[in-house]
Amino acid sequence: MTMTTNTPQECSEFQQQLPDFFDSGGDRIEHPHLNTCANCSALVRDLNYIATQAKLLMPIHDPSPAVWENISHALGKEPTARRASEDDGAP
Amino acid sequence: MRTTDASPASGPAQPLAAEARPIQQQQRRNPPIAGELNAIALAQAGDGASFEILYNMHKRRVYSLCLRMLGNVAEAEDLTQEAFLQLHRKIGTFRGDSAFSTWLHRMAVNVVLMHLRKKGLPLVSLEETLEPTQEDGPRKDFGTRDLTLSGSIDRVTLERAVQELPPGYRMVFVLHDVEGYEHNEIAGMLGCSIGNSKSQLHKARMRLRSLLRESADGRADA
Ligand SMILES: [Zn+2]
């Protein structure tokens with residue numbers, strides 16, 4: 001296949017539809033434009049790659065010990081374990 | 001012996017990693033924790049030690065969420081504190097309809113969003129038009145070795161780039177791509193349309209792409 005014949009207009013139209021393609025097509029976007037456009041193929045590959053890497057960002061950050069100290073300090077001043085029925089604004 | 005390799009030799013772009021469905025992602029992020037149910041029941045009955053156990057089980061996840069959404073350690077710690085204080089007030093209302101961590105996590109998201117609203121920050125970034133990307137000009141040399149980012153970014157680089165996103169983009173990106181929420185849930189949380197959530201996510205990824213390419217270029221030049 002040749003990767004040379006795309007006009008900025010075609011790329012622009014394709015890229016405007018990308019959010020919907022991603023939403024409906026998931027990781028596998030199939031579109032004729034991708035068969036002929038190296039630029040947009042690279043773009044789709046990168047955006048997929050970013051989304052995939054983001055899923056791998058696990059919770060790895062720890063709060064400092066001061067956070068629990070503050071919580072337990074504040075709880076010392078709160079009435080302990082209010083019943084659900086007493087809690088305003090609870091769903 | 002002939003090995004049957006599943007990797008495609010050619011053809012359209014394929015992501016390297018297996019695709020993770022939201023449900024699997026939720027399960028991966030909310031694995032059952034031994035002793036959690038017991039600790040919840042005791043904390044609901046007012047046992048402080050059990051509440052501390054729950055804190056230690058979930059602090060990392062709640063704090064990581066706050067930090068990624070806010071991009072600021074001091075604020076993230078304040079809001080982690082606020083989320084757990086709210087948990088303490090509301091734990092009696094937890095009925096076990098969803099996983100505890102899903103329930104707690106949603107509470108933490110709401111605490112962060114409430115905080116941002118109070119600060120008067122727009123939860124959704126102003127609409128900006130995206131120029132179609134074209135490979136031209138000085139970026140070409142990036143492509144001589146490898147046209148795409150694949151394989152070139154590590155976790156630290158990605159985390160750093162996420163922090164450079166405008167707050168509205170970062171919010172949607174963290175909620176959707178990192179935390180696995182669906183667009184309809186995000187639209188509900190942020191009070192925007194589903195289309196808006198989709199377009200914000202797309203723009204966030206586009207911005208990340210250019211940030212990551214800059215960073216890859218920087219390393220190539222170094
Ligand atoms: Zn194109």
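Per chain, numbering begins at 1; letters A, B, ... match sequence-line order. Bear in mind that the values here come from a model prediction, so they are computed numbers and not experimental data.
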Query - No-hydrogen, no-angle side-chain donor-acceptor test under 3.5 Å, B:H115 and B:E75 - result: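 Yes, because at least one side-chain N or O of B:H115 sits under 3.5 Å from a partner of the opposite role on B:E75.
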Report task. Check whether the side chains of A:Q17 and A:H31 place a donor and an acceptor atom closer than 3.5 Å, and report yes or no. Result ->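 Short answer, no.
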Query raised in the report: What part of B:F94 lies closer than 4.5 angstrom to a heavy atom of chain A: side chain, backbone, both or neither?
Result: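 For B:F94, neither part sits under 4.5 Å from chain A.
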Requested in this report: Write out all pairs satisfying salt bridge (charged side-chain N to carboxylate O under 4.0 Å, His left out) with one or both partners inside residues 59-69 of chain A, taking only residues at least two apart or from two chains.
Outcome: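 Passing the test, one end in residues 59-69 of chain A: A:D62-B:R60.
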Query raised in the report: Salt bridge check: are A:D46 and B:R205 linked by an N-O gap of less than 4.0 Å?
Result: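 Judged by the 4.0 Å cut-off on N to carboxylate O distance, A:D46 and B:R205 do not form a salt bridge.
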Query raised in the report: Which of residues 156-164 of chain B get closer than 4.5 angstrom to chain A, counting heavy atoms alone?
Result: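 Against chain A, the residues of residues 156-164 of chain B that fall inside the cut-off (heavy atoms, under 4.5 Å) are B:L158, B:E159.
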Query raised in the report: Who pairs with B:K59 by salt bridge (charged side-chain N to carboxylate O under 4.0 Å, His left out), at least two apart in sequence or on another chain?
Result: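 Not a single residue meets the salt bridge (charged side-chain N to carboxylate O under 4.0 Å, His left out) criterion with B:K59.
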Query raised in the report: What heavy-atom pair brings B:V112 and B:C66 nearest, and what distance separates the two atoms?
Result: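 Taking every non-hydrogen atom into account, CG2-SG, 3.8 Å.
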**Report entry** Top of B:L208, B:V62, B:L201, B:I153 for chain A proximity - count of heavy-atom pairs under 4.5 angstrom
**Finding:**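 Between B:L208, B:V62, B:L201, B:I153, the count favours B:I153.
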Query raised in the report: For B:E82, which residues count as a side-chain contact (heavy atoms from CB on, under 4.5 Å) partner, sequence neighbours excluded?
Result: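 With neighbours one apart ignored, the set is B:L79, B:Q86, B:R89, B:V111.
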